[in-house]
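Working notes, structure below.
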Amino acid sequence: MSELIKTSAIVLSKINFGDTSKIVHFFTEDYGKMSAILKGARLPKSKTGTVLDVFNYVQLILYKKETRNIQLISQVDLIKHFHRINEDLEKTKYASAVIELLHNLTVENEPYQKLFKGSVRILDLLNSDSGNPKLLFVKYLIFFIKEIGYEISMDVCHLCHKKLTGEETVSFSLEKGFLCSSCRKESITFFDFSKELFNFFICLNSKINNVRYEDDDLNKIVFFLERYLMYHLHEFKGLRSLKSY
Ligand SMILES: [Zn+2]
């Protein structure tokens with residue numbers, strides 16, 4: 001038995017299927033990542049047109065069956081098309097990286113409602129003119145890592161448990177986590193945070209918005225977070241979107 005469900009979703013990718021259909025990957029609000037087919041989507045009389053374009057925020061009605069890998073779309077309506085993302089290479093690059101994270105690093109059929117809301121929000125922010133796309137993306141990446149269960153704790157040194165106040169150079173060990181300036185000397189670490197960079201990282205993790213930073217600080221944090229994810233998720237080989245634009 002299949003049940004008729006209604007949920008909102010972000011379009012992650014689409015491919016043509018058979019002569020007239022399309023198979024679409026969605027990140028849905030209530031059911032997480034799933035694939036669904038829209039039969040007749042490519043027939044001339046189909047009204048879907050560009051509704052299923054990647055990045056779109058849509059409302060879905062579909063027949064869902066637990067035992068099926070690909071669900072059947074009954075109706076799809078556009079909630080929002082983020083038209084300005086496609087007009088700007090920098091925005092496209094970071095929006096693509098958001099889609100890539102959702103596509104590759106979330107578990108099929110597992111709901112992530114907070115991550116869904118945050119993902120719609122970053123697409124909305126990238127679509128508007130508010131803020132540097134790279135900064136918006138780095139904040140999203142930290143949030144994403146937390147929501148998939150790999151939050152980076154930065155309160156204390158993971159060896160001696162001393163509080164890290166942002167007044168010293170610290171290092172990050174992939175096995176242990178953040179280490180204070182004394183403990184780092186006795187461990188194999190992979191990434192050093194200057195006092196300034198560590199304070200910037202603390203700010204990125206907080207709700208503070210008017211942070212001062214250099215572009216290179218953002219590059220360093222992206223590098224650090226990508227390597228951190230690669231260490232924990234072996235199937236992850238880095239974000240292709242960041243290299244291909
Ligand atoms: Zn320590």
Side-chain angles (χ1 to χ4, degrees), residues 32 93-94 97-98 100-107 110-119 121-122 125-126 131-243:
K93 169 174 162 178
Y94 291 108
V98 168
E100 201 182 330
L101 287 167
L102 295 173
H103 211 313
N104 297 337
L105 300 183
T106 62
V107 180
E110 188 173 313
Y112 301 82
Q113 280 163 332
K114 202 170 160 199
L115 180 58
F116 180 82
K117 287 195 173 70
S119 303
R121 185 171 147 74
I122 182 157
L125 286 169
L126 286 171
N132 173 355
K134 196 189 283 183
L135 177 65
L136 290 171
F137 176 72
V138 171
K139 289 186 81 119
Y140 173 83
L141 183 54
I142 293 169
F143 160 76
F144 178 88
I145 289 172
K146 182 178 165 196
E147 292 305 314
I148 63 164
Y150 294 96
E151 183 173 11
I152 303 169
S153 128
M154 61 192 88
D155 302 346
V156 294
C157 167
H158 284 73
L159 270 186
C160 71
H161 306 292
K162 190 183 89 171
K163 202 168 170 6
L164 298 176
T165 56
E167 266 144 46
E168 60 185 329
T169 305
V170 296
S171 292
F172 193 86
S173 146
L174 286 168
E175 281 186 336
K176 302 187 183 86
F178 276 109
L179 302 176
C180 72
S181 53
S182 342
C183 293
R184 74 191 191 106
K185 292 180 190 123
E186 295 146 33
S187 300
I188 299 166
T189 57
F190 105 100
F191 197 84
D192 295 329
F193 281 79
S194 66
K195 206 170 91 177
E196 292 72 24
L197 191 65
F198 186 60
N199 278 307
F200 178 50
F201 191 54
I202 291 174
C203 287
L204 288 172
N205 277 273
S206 70
K207 298 236 180 297
I208 305 167
N209 270 320
N210 52 347
V211 192
R212 285 184 57 188
Y213 60 91
E214 303 280 335
D215 189 58
D216 198 41
D217 295 337
L218 287 174
N219 296 336
K220 284 178 186 160
I221 302 277
V222 170
F223 171 85
F224 165 70
L225 294 172
E226 272 193 299
R227 293 308 178 287
Y228 172 80
L229 275 176
M230 284 179 191
Y231 175 77
H232 287 284
L233 302 162
H234 297 296
E235 72 276 18
F236 179 63
K237 304 280 181 244
L239 286 161
R240 271 185 298 130
S241 318
L242 301 190
K243 293 175 192 80

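Sequential numbering from 1 along the given sequence is applied to the chain's residues. Predicted model, so just to flag it, every value in this text is computed and none were measured. Order of listing sets the numbers, starting from 1, for every ligand and every atom in it.
- Considering the Zn ion (ligand 1) as centre, the angle to SG of Cys157 and to SG of Cys183 is 110° (10° rounding).
- Note: His232 and Tyr150 have tilted aromatic rings, judged against thresholds of 30 and 60 degrees for the angle between ring planes.
- Because the distance cut-off is set at 2.8 Å, His161 fails to qualify as a neighbour of the Zn ion (ligand 1), as none of its N, O or S atoms comes that close.
- When all heavy atoms of Glu168 and Leu164 are compared, the closest pair comes out as OE2-CD2, 3.7 Å.
- Here Cys160 reaches the Zn ion (ligand 1): one of its N/O/S atoms is less than 2.8 Å from the metal.
- Using a 30° and 60° split on the angle between ring planes, His234 and Tyr231 fall in the perpendicular class, above 60°.
- There is no side-chain donor-acceptor pair under 3.5 Å between Lys146 and Asn205.
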